[in-house]
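Each remark here refers to the structure printed beneath this line.
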4 protein chains.
Amino acid sequence: MKRLGVGLVGSGFMGRSHAHAFRAAAGVFDLPMAPTLELLADVNETVAARAADALGFNRSTGDWKALVADPAVDLVDITTPNTLHKPIALAAIEAGKPVYCEKPLAPNALEAKRMVDAAERKGVKTAVGFNYLKNPMVALAREIVASGEIGEVVSFRGIHAEDYMTDPKAPFTWRLDAAGGHGVVADLGSHIISIARFVVGPIESVVGQIRTVTDKRPSGPGASEMRAVEVDDEARALVRFAGGATGSLEASWVAAGRKMMLAFEVTGTKGTIAVDHERFNELQLYTVGQPGGREGFKTILAGPQHDSYKEFCPAPGHQLGFNDIKTIEVKALITALAGGKAFMPDFREAWEIQRVVDAIVQSAREERWLAVTEI
Amino acid sequence: MKRLGVGLVGSGFMGRSHAHAFRAAAGVFDLPMAPTLELLADVNETVAARAADALGFNRSTGDWKALVADPAVDLVDITTPNTLHKPIALAAIEAGKPVYCEKPLAPNALEAKRMVDAAERKGVKTAVGFNYLKNPMVALAREIVASGEIGEVVSFRGIHAEDYMTDPKAPFTWRLDAAGGHGVVADLGSHIISIARFVVGPIESVVGQIRTVTDKRPSGPGASEMRAVEVDDEARALVRFAGGATGSLEASWVAAGRKMMLAFEVTGTKGTIAVDHERFNELQLYTVGQPGGREGFKTILAGPQHDSYKEFCPAPGHQLGFNDIKTIEVKALITALAGGKAFMPDFREAWEIQRVVDAIVQSAREERWLAVTEI
Amino acid sequence: MKRLGVGLVGSGFMGRSHAHAFRAAAGVFDLPMAPTLELLADVNETVAARAADALGFNRSTGDWKALVADPAVDLVDITTPNTLHKPIALAAIEAGKPVYCEKPLAPNALEAKRMVDAAERKGVKTAVGFNYLKNPMVALAREIVASGEIGEVVSFRGIHAEDYMTDPKAPFTWRLDAAGGHGVVADLGSHIISIARFVVGPIESVVGQIRTVTDKRPSGPGASEMRAVEVDDEARALVRFAGGATGSLEASWVAAGRKMMLAFEVTGTKGTIAVDHERFNELQLYTVGQPGGREGFKTILAGPQHDSYKEFCPAPGHQLGFNDIKTIEVKALITALAGGKAFMPDFREAWEIQRVVDAIVQSAREERWLAVTEI
Amino acid sequence: MKRLGVGLVGSGFMGRSHAHAFRAAAGVFDLPMAPTLELLADVNETVAARAADALGFNRSTGDWKALVADPAVDLVDITTPNTLHKPIALAAIEAGKPVYCEKPLAPNALEAKRMVDAAERKGVKTAVGFNYLKNPMVALAREIVASGEIGEVVSFRGIHAEDYMTDPKAPFTWRLDAAGGHGVVADLGSHIISIARFVVGPIESVVGQIRTVTDKRPSGPGASEMRAVEVDDEARALVRFAGGATGSLEASWVAAGRKMMLAFEVTGTKGTIAVDHERFNELQLYTVGQPGGREGFKTILAGPQHDSYKEFCPAPGHQLGFNDIKTIEVKALITALAGGKAFMPDFREAWEIQRVVDAIVQSAREERWLAVTEI
């Protein structure tokens, strides 16, 4: 079987998660190529060597350019801080190597578009890690919509709310640095936008509202000095889909008590779907036409009849975890690299998502409806 | 004990519900006045007589003006079709009699304002039947917010979604008649607006989106002729509260499967509240500062420690029903009429609610943010 | 319409609830007779007079025998402490008057049987207030089972758990007095037994376990003196139904946090039903044979298509409360008295329930399986 | 770091799961030894070779005895059909090698005891795969009980219900072969017994009920010939714990609609815990003494403050899956083999669990209470 040499840049949480997923995918799925954890790059040799050892990579380097150039590296996998996504991706594309990049591609749609153009010019395959699109229950939602089981989509309500920035004394982090892009609308909002597009379709126009709830935070852990926060802590928008549906999107990282409320409800002319990632192995489904007195939403538990589940477990209801979702993502990536079904979301799709992010922010600042094509 | 002669105009579902509530309130609560079902008016003598008999009224009439003028009628209670609310209320006010009117007061804010002005000039007490404000769990939400238990309010998400117009073949009804006012944004949206104002406070500005999903319906039950629908089937808005909080509101009567999803979530700087009226005897509460590894939303079941519950049942968890909520409303009304705590929402508050309804529609039509004071 | 003169003995919580239900039933339902709150008896004239005034009875008396004998009393309604149920009921039966008695009929099956025999000899109609059997969702469970929608019943798990005696310092009350019968197995266990019989059918044999968790309690509120508790704080049993199904029953009044967990699950060869009275307007239903990948329990919300709901509210999902259930009970009673469908549970059924209660206790004491017919 | 050569016997679902767990554990946790997938044995060379290739083992063999004897195998891991557990385990023990065996150890307690004795005589470390004990929420339940947060345990209700044998036409399988031991009481019941012992403590006596619901099944897939079923399809028992608590246990594989209802509720004198594995990343906790009007069960979502979670994900609410639980099990095993905290459950604990299984069956057959020590 053909070998796929993985070159990973970055070894933080997402780096670990990717390494785990490559290793797990080989055991769980019947893959068309054999991924090898070939080379790991990090900020310097020492850090990289330690991480390579911990994560099971064959070799390490302190120079990501060397990684890109390394002949044993067939795939460049980017899990660095966001500001490095672009230069590394462009270098990999230039070298003709496929790229697997964590979201967001770039701080704004303009820069993301340049990455799309570069990749498409070179004909390089790309993939972006919008994990939750690989949740079998999200795939099921898309399938139900596409099959017409709930009729035509009337509306969509999407929320991604967590609470990791609720404490006003939580210190400034890279997430709050406006140089890296927008705030929660990019960090979490992009996930719910990705689902909206995946399940319902393109978004045509938006009117947004953004807000910085805590406008000064300690400049670092334990710091007494304060630093101004310029990015949004919460954001929401009304949207119109190209297909005619309407809806709303919402993102917050100050939603006290919500740990993983990536939730959406799709209302169709003949039924409704609801999913909440705090219970992401479940999908609620209502269809019109049930017998009188027996109507209700049903709770479908993930099981072997749903996408990619049975390879993890032959029995329903046993649940997949976050890392399993990432393992499914890696399976889809390797399948695509081997010539199978194209991976989605690719750079182009990530750019489309970023356009909606930017449109929400700009429409909020200008206090008006904005066509996404204006971005 | 002083007697309160009730004169009810209208004997449809809400008329029955009011009659039931007056009767029930006398048994459940220790009231300061004794309500008597004195006189019932309906479209003609026959209908009125039959209804008076069924609902236990002493007398009946086919002429609401006679009811207003009747010396034994101390309170004029209006549950007629919406278009009659205004003339009856104005006549009652003119006669110096307190008015208890079902929502909405009037088809638009302008007409509602005239009713407010009339009542305030005359010094007549008024009450409007926004039932759900009397749900003890909604009162609890207000109390938790007011006490600062969840800190300052950051955001509010409010939804009232039901599905009674989902079927595109469901015939035209008075609810769809634009002469009576707006569509679902008035019918259901007004409920969630009333809660937003009750729990969080005044709404300063909005940007709305409205949509008629089914634009033609059979003109009546079994009719083959079609009639155009001009009012909204679904509506949503972004809002800014005067106190600084942000949020969204949503209303739909085509939300397949949702039977009574009057749901809201209030996020504060120190906690979050969530309520859904499909389970309206419950309130979800999260507060920051719980012990590590023991953090979570708690599900509070309505019980005797909550507003107006213990008179129904001494034990928690036994649940109140929709009609009990209406009974609490009547208790509050009689208390106010007897000189106790003023009843809310009165006509002025109903007008404020209607202004938000109108603002959502106007901002949707003009595709722009609108200050509620522009209405 | 024929008048039904109600004579109520007792004016505690259940007395109030009955009075409320008679008044409410007349407004909510189209009854075949007109109930009149005619006469109220309590421990003495003063208490009775005050209660009659509060609950809206025409007259009062300090002597229940006078009530039984009163010619204007057509129905003797007993909501006294348990020890008085028997003498009052027997007197009413002797007088040829129908009896509506709160559960339990008597402290044990033997005494209950005497009441059954007396009533049947005299041909007097009887009714016992096992409220929850009138919950439309319990009626729906019975209907689903009877129709074969879930095949043949395989097993039943029934629980009634509350927590009002959890605190070991909660003082001794009449509920703990062994003279009045057993403990929680009678107080709450009888409810779940009544449901088991109603939904599945007769219980043939049991093996029980009972336990007094707190064996000494303050003899009264604020008392320092302690009194020994002899009755059970929790009880459970394995059961065999006459129809072949198996199952378990459980009762506890020391189930910390459970406020109204009257819950049951019926498993059939083709499906499963689950109900929990903390959300008693819902029924969970699973049936085999759903399409692949779309299988799940559905949550059915109470609505107008279910028994007795539409008279309270024309729209689904608006919920009934505890007192509404009691109102349905009263409607069924008046219907039966007017010659309609017989009321269930009558004294005979209450005796059958009591036999299971006694069988659980005796089998627990003797540590063996016991046929219910041994009682 | 010291190498741990894993010899796996069996490559069905559990074999795959073990292989996955060893590979994943190395990436997720900081292990004291480096597990190597050294040798895989299966029924013959061909099957073993194919499985070794798919699961990433270095070598393969058709002879488990060769595996036990292989000098590079440091750990004998048994995931064969149940009837082979004993001979392989005894051989491994004889060879002085630690054993990791899937549940159940043996068809009955007597044979399990022989395996315990052999292991203890040889001083060999043993581990049995009762997966769910490694669920962080089950560990949390144990911790809450042990810390006294819910006071003294009063009662325990445990259920393991699934529906994979609901269809009466589902063919005969090894699970139904009485030669391999009991039916669902062993297959699923052992899991809930393991949790009862882990969270509450030893079980002293039981009275059981077992039933074969479908007593004849097609002898194989598509077979027209029928084969008699002798083992139990459902089982339940009342139990007394050595510490004084009471409770019930239940197991069913014909529980239509239940996919992974491994659920338990522990009631203490000061609070209650509830867990259901259909949502196994959640624990419901109620404690007495909450502020008035603010009492409720809280829903705790698994997060980094709970056992073994943070190595999978730094953020709460992201959920672990079934395979992650198995990965935690392998981590605990390797830690124990390296001299750290002893692994539980070992063979002795598995024998204790099996005694309860056997006691339930025997007490059901003899229709009497049975002390577990009688087994």
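Lettering of chains follows the sequences in order, A, B, ..., and the numbering in each one begins at 1.
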query = Between A/His18 and A/Glu102, does a side-chain hydrogen bond (donor to acceptor under 3.5 Å, both in side chains) hold up when you go through it step by step?
reply = CA-CA 10 Å; A/His18 282 220; A/Glu102 267 308 304; 2.8 Å; yes
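- Taking the six-membered ring for Trp, A/Phe29 and A/Phe312 have ring centres closer than 6.0 Å.
- Contact of A/Leu283 with chain C is not made at all, since no heavy-atom distance falls under 4.5 Å.
- Remark: the backbone N or O of C/Ala336 is paired with a side-chain donor or acceptor of C/Lys125 at under 3.5 angstrom.
- For a residue to count as touching a neighbouring chain, one of its non-hydrogen atoms must lie under 4.5 Å from one of that chain's; by this rule A/Gln284 does not touch chain C.
- In this structure, chain A has a heavy atom under 4.5 Å from the side chain of C/Leu285, while its backbone stays farther away.
- With a 4.5 Å cut-off on non-hydrogen atoms, C/Glu282 does not touch chain A at all.
- Proximity to chain C is limited to the side chain of A/Glu149, based on heavy atoms less than 4.5 angstrom apart.
- Taking the side chain as every heavy atom from C-beta outward, A/Thr269 and A/Val154 approach each other to under 4.5 Å.
- C/Ile195 and C/Tyr132 get closest at one heavy-atom pair: CD1-CB, 4.4 Å.
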